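Heads up, the thing below is written out as structure tokens.
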Amino acid sequence: MTVTPPPSRSAAAVVVERASAALGRLRHGRLLHPAGRSFVGEVMIWGTPGPPTGVGLLDDPGRYRATVRLSKGTPTPGGWPDVLGVALRLHRDTGRPFDLLVSSSGAAPLLRNLPLPRRCFTGTYSTIVGYRVGARRLWLATLADPDSVCLGRSLSTVAAAARTDTPRLVLAVASAVGPWRPVGQVAIGAPLNAEEDAALAFDPVRNLPPELRAAGPLAWLREHTYRGSRRARGATAQSGGSTATTV
């Protein structure tokens with residue numbers, strides 16, 4: 001039986017989703033960042049220093065249960081350089097969660113727009129493409145916390161750091177050319193098991209605070225690639241994640 005796609009999706013979107021789903025089935029798992037470790041997390045929002053961003057979740061102090069996943073993009077063997085990733089899900093009491101996906105990058109304005117291979121999991125991770133908040137553009141990142149334990153060069157060292165300590169990342173925002181402004185802290189707690197990691201699925205385009213909007217062709221491609229990958233795994237945009245806290 002032929003299934004007619006919903007009219008809201010273009011033919012190009014259907015092609016991307018079907019291709020992503022087919023590749024995901026060949027990989028028997030995630031199409032993007034297949035190798036990773038997931039953890040219980042907690043996010044403490046301090047509030048925005050200086051001018052507000054216009055996003056209530058970032059501007060207003062708060063504390064949120066979270067799920068954190070660190071991953072390798074390709075993946076390369078062991079501690080070889082790779083585009084590393086941090087996926088963060090903030091669990092909110094009402095509505096959709098907030099899914100933030102960031103990739104290893106440089107900290108400078110030009111370099112924060114480029115995914116850069118890196119050996120060590122401690123470093124700068126940027127959204128690469130910005131969000132729109134009204135007429136303005138906003139970039140988000142997780143940065144190294146200088147007072148936190150090092151995460152090391154492999155997923156095994158990341159897991160070991162979480163078993164013996166509570167690794168921390170700094171959550172930050174920036175304009176296209178401005179400096180990073182710290183707005184909060186991400187604490188990484190107990191690891192989730194392999195089944196929980198496999199069930200976890202993110203939607204970095206739909207699972208956003210109401211003031212944020214993913215914009216541009218890369219956001220479109222990301223939306224439909226992730227949708228196809230989730231379909232291949234039988235997951236949804238809300239799948240998985242721990243609602244425990246780190247303390």
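Remember, it's a predicted structure, so these values are computed and weren't measured experimentally. We use all heavy atoms of the structure for the numbers below, so side chains are in, but hydrogens, waters and symmetry mates are not.
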For this session: Apply the test side-chain contact (heavy atoms from CB on, under 4.5 Å) to residues Ser105 and Leu114: give CA-CA distance (whole Å), side-chain angles for both, the deciding distance (0.1 Å), then the verdict.
Result: CA-CA 6 Å; Ser105 68; Leu114 298 173; 5.9 Å; no

Donor-acceptor contact present, side-chain [X] to main-chain [Y], <3.5 Å:
X      : Y      : value
Arg136 : Thr53  : yes
Asn207 : Arg96  : no
Thr48  : Leu58  : yes
Thr157 : Leu151 : yes
Asp145 : Asp147 : yes
Lys72  : Ser154 : no
Arg118 : Cys120 : yes
Arg112 : Ala107 : yes
Gln185 : Arg168 : no

Side chains of [X] and [Y] in contact at under 4.5 Å (non-hydrogen atoms):
X      : Y      : result
Leu192 : Val40  : yes
Arg89  : Asp99  : yes
Pro191 : Glu196 : no
Ser126 : Trp180 : yes
Leu208 : Arg213 : no
Ser71  : Val86  : no
Tyr125 : Leu169 : no
Val149 : Thr164 : no

For this session: From the options Leu100, Leu138, Leu101, select the one residue that forms a side chain to side chain contact (heavy atoms under 4.5 Å, CB included) with Thr127.
Result: Leu100

For this session: Using a cut-off of 6.0 Å, state whether more than 12 heavy atoms not belonging to Trp80 lie near its atom CH2.
Result: no

Seminar exercise, completed: In short, Ser148 meets Pro167 closest at the heavy-atom pair OG-CA, 3.5 Å

Exercise. Do Leu57 and Leu212 pass the side-chain contact (heavy atoms from CB on, under 4.5 Å) test, and can you show the C-alpha distance, the side-chain angles, and the key distance before you say yes or no?
Worked result: CA-CA 10 Å; Leu57 187 145; Leu212 273 184; over 6 Å; no

To the nearest 0.5 angstrom, please state how far the [atom1] atom of [X] sits from the [atom2] atom of [Y].
X      : Y      : atom1 : atom2 : answer
Thr124 : Leu111 : OG1   : CG    : 10.0 Å
Ser104 : Asp82  : OG    : CG    : 7.5 Å
Arg181 : Trp46  : CZ    : CH2   : 13.5 Å
Arg153 : Leu84  : CZ    : CG    : 11.5 Å
Ile45  : Asp60  : CD1   : CG    : 10.0 Å
Leu171 : Leu90  : CG    : CG    : 8.0 Å

Problem set entry | Test side-chain contact (heavy atoms from CB on, under 4.5 Å) applied to Asp93 and Arg65, step by step | CA-CA 10 Å; Asp93 293 335; Arg65 302 183 311 276; 3.8 Å; yes

Count I, L, V, M, F, W, Y as connected when their side-chain heavy atoms are under 4.5 Å apart, and connections chain through other members. Are [X] and [Y] then in the same cluster?
X      : Y      : value
Val55  : Trp139 : no
Leu143 : Leu88  : no
Val68  : Phe98  : yes

Problem set entry | Test: Arg69 and Asp197 ion pair at under 4.0 Å | yes

